[in-house]
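Quantities reported herein were computed from a predicted structural model and do not represent experimental measurements. Just so we're on the same page: letters track the sequence lines, and every chain starts at 1.
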Amino acid sequence: MSVKYLKETASQTAGPYVHIGLAPHQAGFDIFQNNFDNNMVSATTRGAQIIIEGRVFDGSGSLVRDALIEAWQANADGRYNHPGDRQETGSVDPNFRGWGRACTDFETGLYRFYTVKPGPVAGRAGKVQAPHISLWIVARGINMGLNTRIYFADEEKANEADPILRGIELKKRRDTLIAKPSHKDGKTIYTFDIVLQGDNETVFFDV
Amino acid sequence: MNDLVSHAPPAFVKEGGNPYPELFRRDYASQSPAYAPIYKTSVLRSPRNALLSIDHSVSETTGPMFGQNELGMLDNDLILNYAKDGEAIGPRIIVHGYILDENGRGLPNTLVEFWQANAGGRYRHKNDTYLAPIDPNFGGCGRTLTDENGYYYFRTIRPGAYPWRNYVNSWRPAHIHFSLFGNAFAQRLITQMYFEGDPLIKVCPIIKTIPDEEAIQRLIAPLDLNASVPDDTMAYRFDMVLRGRRSTLFENRLEGN
């Protein structure tokens, strides 16, 4: 006989109208006083402010314009704003929760996060993880939220030592997780497209 | 319904240890596969490569936290939270239950968000063109935080069924969407609650993507007359379970050093 545990509730698709519950402004109405959105920073958040921007594609190369994406990340020190983070270096930034929620635009398919670049984070068994942002993607047609990570092209050395990236054998696959920087109007924008299926399919994780 | 077994933390968990150890691995046997052709939209939106399994680090075992001060007084009352010149139309219901982890522990202070169609099966969404009318007094969304025991409740109207384009003549059973956070980003989950006795449950392609009949049954909320308000509001009970947590002490540690 094995130990009896409860079972995780079955996931179901977020559906085409996910915006009603999680981003009512995108659905076309205003109901809550306080809305959760894609702006993860305030003027007092520590660290280098950046923009993450990209699109989501399906297996035919078409834009997925009804996706909802959430980001979870450490702050500029590499610390998560959560009591389960027991790292001994750096400190929590009271002006940074480290979480945001974005929708792909119904017309352009673009999503965007306003955030700070995270610092490196402790990995298992004494290893260090390169700066990264965890993403969770839901939409109509996605039965269970997809998990992936954004890494940064300008962190080459850290990326080479990252235990997760090292676990991806093919360079072409590894590259799907690397966001490339560009600069516009004094802002740093990292582009991160997500391909749900096909030739350049993004690496998704069983976390 | 859920079997409410309670597991106390094992005795060997030390004082001062990380209260948020790594999570149980996900049991895919009771989860829909990504590619499920009876739900046609999944065909082009499902990865073809196997998911890459990764050990949990602090990036997976932590997650966002929310406070009561971020929510409004009526956020958990869908009958009133969009009322303009009257109340939402439809059968008045309370939905309540517990958010637990697989260890059977209630998850306190965690954000629960929900959204649904109105009593006629129409969503307040710019992309919904179903001919049933919009209810001017019903927004169709709400949110709440669980209490210290993982308990949540909200008031709404019972949503209607509606047609959708999958097969010709596909109808979604009445349902309420739920979004759950737990206390780790790897517990993040979206699901749907159905209503006991709805004949559309058996023929719904989205429900049929779930390979495990017991997992389907757990998505069906039974009527709960003991929680109903006489002469006013019926109640449905819906418990949800997020991934449990291991008690790791003896193997390679979650965090370095």
*Asks:* What are the two closest non-hydrogen atoms of A:D85 and B:T62, and how far apart are they?
*Replies:*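 Closest heavy-atom pair between A:D85 and B:T62: N-CG2, 3.9 Å.
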*Asks:* Can you tell me which portion of A:L146 sits under 4.5 Å from chain B's heavy atoms? Options are side chain, backbone, both or neither.
*Replies:*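 Side chain only.
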*Asks:* May I ask you to decide if the ring planes of A:Y17 and B:Y123 are parallel, tilted or perpendicular, using 30° and 60° as cut-offs?
*Replies:*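 Because their plane-to-plane angle lies in the 30° to 60° range, the rings of A:Y17 and B:Y123 count as tilted.
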*Asks:* With a 4.5 angstrom heavy-atom cut-off, is it the side chain or the backbone of A:V56 that approaches chain B, or both, or neither?
*Replies:*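 No part of it gets close to chain B.
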*Asks:* Heavy-atom cut-off 4.5 Å, strictly under: side chain, backbone, both or neither for A:V64 against chain B?
*Replies:*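 Both parts, heavy atoms under 4.5 Å.
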*Asks:* With a 4.5 angstrom heavy-atom cut-off, is it the side chain or the backbone of A:Y80 that approaches chain B, or both, or neither?
*Replies:*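 When you check distances to chain B, only side chain atoms of A:Y80 fall under 4.5 Å.
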*Asks:* Taking atom types as modelled and ignoring hydrogens, do the side chains of B:S30 and A:E8 form a donor-acceptor contact shorter than 3.5 angstrom?
*Replies:*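 No - no donor-acceptor pair under 3.5 Å links their side chains.
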*Asks:* For A:A10, is it the side chain, the backbone, both, or neither that has a heavy atom closer than 4.5 Å to a heavy atom of chain B?
*Replies:*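 When you check distances to chain B, atoms from both the backbone and side chain of A:A10 fall under 4.5 Å.
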*Asks:* Strictly by modelled atom types, are A:D206 and B:Y28 linked by a side-chain donor-acceptor pair under 3.5 Å?
*Replies:*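 A donor-acceptor contact under 3.5 Å links the two side chains.
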*Asks:* Quick check: closest heavy atoms across A:G141 and B:Y39, and the distance to 0.1 Å?
*Replies:*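 Closest heavy-atom pair between A:G141 and B:Y39: N-OH, 2.7 Å.
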*Asks:* Look at B:R188 together with A:E70 and state whether they make a salt bridge at an N to O cut-off of under 4.0 Å.
*Replies:*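 So B:R188 pairs with A:E70 through a salt bridge.
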*Asks:* Is chain B contacted by the side chain of A:D30, its backbone, both, or neither, given a heavy-atom distance below 4.5 Å?
*Replies:*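 Only the backbone of A:D30 comes within 4.5 Å of chain B.
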*Asks:* Could you check whether the rings of B:Y82 and A:F29 sit parallel, tilted or perpendicular, using 30° and 60° as the cut-offs?
*Replies:*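 Ring orientation, 0 to 90° scale: perpendicular.
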*Asks:* Would a distance-only check, ignoring hydrogens and angles, find a side-chain to backbone donor-acceptor pair under 3.5 Å from A:Q197 to B:V43?
*Replies:*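 Between the backbone of B:V43 and the side chain of A:Q197 there is a qualifying donor-acceptor contact (under 3.5 Å).
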*Asks:* In terms of heavy-atom pairs under 4.5 Å, which option from B:R124, B:H177, B:R172, B:E60 contacts chain A the most?
*Replies:*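 Looking at each option in turn, the highest pair count goes to B:R124.
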*Asks:* Under 3.5 Å, side chain of A:Q129 to main-chain N/O of B:S59, donor-acceptor pair present?
*Replies:*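 No, A:Q129 side chain to B:S59 backbone: no donor-acceptor pair under 3.5 Å.
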*Asks:* Among B:D27, B:D212, B:T191, which has the most heavy-atom pairs under 4.5 Å with chain A?
*Replies:*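 Looking at each of B:D27, B:D212, B:T191 in turn, B:T191 comes out on top.
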*Asks:* Do A:W136 and B:F181 have ring centres separated by under 6.0 Å?
*Replies:*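 A:W136 vs B:F181: aromatic centres not under 6.0 Å.
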*Asks:* Would you name the heavy atoms of A:I31 and B:C141 that are closest together and state the gap between them?
*Replies:*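 Shortest heavy-atom separation between A:I31 and B:C141 comes out as CG2-SG, 3.6 Å.
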*Asks:* Under a 4.5 Å heavy-atom cut-off, does chain B meet the side chain of A:P163, its backbone, both or neither?
*Replies:*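 Neither part.
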*Asks:* Hey, which of B:S46, B:G63, B:P33, B:A184 has the most heavy atom pairs under 4.5 Å with chain A?
*Replies:*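 The residue among B:S46, B:G63, B:P33, B:A184 with the greatest pair count is B:G63.
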*Asks:* Check each atom of A:L135 against the heavy atoms of chain B and say whether the ones under 4.5 Å are side chain, backbone, both or neither.
*Replies:*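 It is the backbone, since no side chain atom gets that close.
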*Asks:* Closer than 4.0 angstrom, basic N to acidic O: yes or no for B:E102 and A:K7?
*Replies:*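 The answer is no: the pair does not qualify as a salt bridge.
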*Asks:* Would you call A:D199 and B:R48 a salt bridge, taking side-chain N to carboxylate O under 4.0 Å as the test?
*Replies:*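 No, this pair does not count.
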*Asks:* Classify the ring geometry of B:H125 against A:F106: parallel below 30°, tilted from 30° to 60°, perpendicular beyond 60°.
*Replies:*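 Tilted: the ring planes of B:H125 and A:F106 meet at 30° to 60°.
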*Asks:* Against chain B, label A:V207 side chain, backbone, both or neither, depending on which of its atoms sit under 4.5 Å from a heavy atom there.
*Replies:*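 It is both, since atoms from each part get that close.
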*Asks:* Determine whether a donor-acceptor pair (N or O, by modelled atom type, separation under 3.5 Å) exists between the side chain of A:Q12 and the backbone of B:I206.
*Replies:*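 Here the side-chain-to-backbone pair exists.
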*Asks:* Is A:R140 close to chain B through its backbone or its side chain, or both, or neither, when contacts mean heavy atoms under 4.5 Å?
*Replies:*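 Its backbone and side chain both get close to chain B.
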